[in-house]
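As structure tokens, the structure follows; a few thoughts come after it.
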Protein chains: 2
Amino acid sequence: MAARQAAQGGRQDELVIWMRPEQASVGRPAERSRAEITAAAVELADREGLDAVSMRRVAAALGTGAASLYRYVATRDDLLDLMTDSTAAEYELAAPTGDWHADLLAVAAQARRIMLRHPWLPALVVTRPTLGPQGVDLLEHVLDALADHPASAARKLEAFAMLNAVTAQFVQHEVSTTDAASLRQAVYLQHVAAAGHHPRIAALMTSPGVPDEAAPPSADDHFRAVAGRVLTGVLS
Amino acid sequence: MAARQAAQGGRQDELVIWMRPEQASVGRPAERSRAEITAAAVELADREGLDAVSMRRVAAALGTGAASLYRYVATRDDLLDLMTDSTAAEYELAAPTGDWHADLLAVAAQARRIMLRHPWLPALVVTRPTLGPQGVDLLEHVLDALADHPASAARKLEAFAMLNAVTAQFVQHEVSTTDAASLRQAVYLQHVAAAGHHPRIAALMTSPGVPDEAAPPSADDHFRAVAGRVLTGVLS
DNA sequence: TACCTTTCGCGTACAGTGTTCGCGAACGAC
DNA sequence: GTCGTTCGCGAACACTGTACGCGAAAGGTA
């Protein structure tokens, strides 16, 4: 009973958060849960953006102190991972139909909707792709839909990753077309076009907005078209 | 001469940084330049990662104080935009050959190399896609290579964006396969596979690493294959 | 009931961050 | 030399993520 670890009980920091027990079975019971904290963080991010998700503000939203959160989460990045995975629970996964292309397109369409609900998601998905319990369920579903597809396992994983990347990029572009930074960017492009060099870009600016047809497609249709093309490209 | 703006001389913050004059023509001449500051920031990011790029540390690398940087840059985000655009100067753009597919693939291959040189680039490209003077040159080159392609202008822009997104994601995955977070993730996936549910994922883990052939392709060949597939997908 | 053990809540503190203010110094033009 | 203007930058402010350590609270056991 002499050589003991510190009070924290030998916390295994080198394990992903979903492998660390949520709380101990002995001692004083916890007043909160990871799910509760995650929900508060998600709501805060939905309302005020990812930068607003600071430990202090999340704690305040729960009516507690910042240091308390560290009983549930080792670091802020852990909390971000929890947020990402929690959104994967919003998928409604029906059984595969046998048409893998349609099934994956349905998944992608849901991904887009979820990302539109949580505009902070694309940045997280792209910069720290993490698979938690819910994300793993999603991946299993995708692999299930691709069960009869002749591609290699690596190729299927690649398709999953690329579809995610493309969806995230698409949504980010879709969401940011009206914010201040994008307007500044547009002004600059006009400036470049007017300067005379870059004739191709100049031609771009004078052409109509989305001139595929007389009637521009809805954003949903447009996304389905893009995702479908990427899909057929990656999965021969 | 009564109603005048503040001392800063009516700085137009609502303009993108490349439209703001670098320095005034009257008064004391500046001791540094945006290019110098950007180079220091890039070098710092290459060496210690994007989080190390703080105003204080960049200033210290230049032997000056943090507040001085604000004479050249309105905000840290401006500096990040400058860094992004500065990497676009590393492309070596040859004249289009007439084979648009090969030309775009060459651009993508260079993009990958540049991102490998600057591991912080993918995150920036994806989360704050910005076109500065160098980025505009690159876009012009891409549009030039696609001049004879029958797709609409919007479709070509989309191809450019998707190629960038896919390249960034690919490089990020390529770079992060050995870092601590990825190892944790792998351990968790093993855990999930061992738990019994998720049989498809379990099958994934037991299959060989990249089993397309007996000899796994080089990373460069692999990337060319992926980018090529996405390209043919997006540009019919 | 009285301990004893273990965990929980969280005030406080520390090192760092982006950014603003305002002043002295330095320069070009006249 | 003097004026107008800009530059460099120390100091300060409002934050941030996180570590420490203490008091309180809840079992389990005697």
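In what follows, chains are A, B, ... by sequence order, proteins preceding strands, each numbered from 1.
- The number of heavy-atom neighbours closer than 6.0 Å to CZ of R117(A), taken from other residues, nucleotides and ligands shown, is above 12.
- For R200(B), the salt bridge (Lys or Arg N to Asp or Glu O under 4.0 Å) partners at least two apart in sequence or on another chain are D144(A).
- Separating the OH atom of Y70(B) from the P atom of dG22(C) is a distance of 17 Å, rounded to the nearest angstrom.
- One finds a side-chain N or O of Y72(A) lying less than 4.0 angstrom from the OP1 or OP2 phosphate oxygen of dG9(C).
- Two residues are said to be in side-chain contact when any heavy atoms from C-beta on lie closer than 4.5 Å; R57(A) and E48(A) meet this criterion.
- Considering only heavy atoms from C-beta on, T84(A) stays 4.5 Å or farther from R128(A) through its side chain.
- With contacts defined as side-chain heavy-atom distances shorter than 4.5 Å, the pair I37(A)/L69(A) qualifies.
- The ring-ring contact (aromatic ring centres under 6.0 Å, His included) analysis of residues 110-133 of chain A, with sequence neighbours excluded, yields the pairs H118(A)-W120(A).
- Listed by first and then second residue, the ring-ring contact (aromatic ring centres under 6.0 Å, His included) pairs involving residues 188-207 of chain A are Y188(A)-W18(B) (not counting sequence neighbours).
- A donor-acceptor contact closer than 3.5 angstrom is absent between the side chains of N164(A) and T167(A).
- Using a 4.0 Å cutoff on non-hydrogen atoms, no part of residues 75-83 of chain B comes near DNA chain D.
- Within residues 49-69 of chain A, the residues having any heavy atom closer than 4.0 Å to DNA chain C are, in order of number, R56(A), T64(A), G65(A), A67(A), S68(A).
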Quick one: what's the B/S/- string for nucleotides 23-30 of chain C, heavy-atom cutoff under 4.0 Å, read 5' to 3'?
-BBBB---
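- In this structure, T38(B) and D85(B) have side chains that are not in contact, with every pair of non-hydrogen atoms separated by 4.5 Å or more.
- L189(A) places a side-chain heavy atom less than 4.5 Å from the side chain of V136(B).
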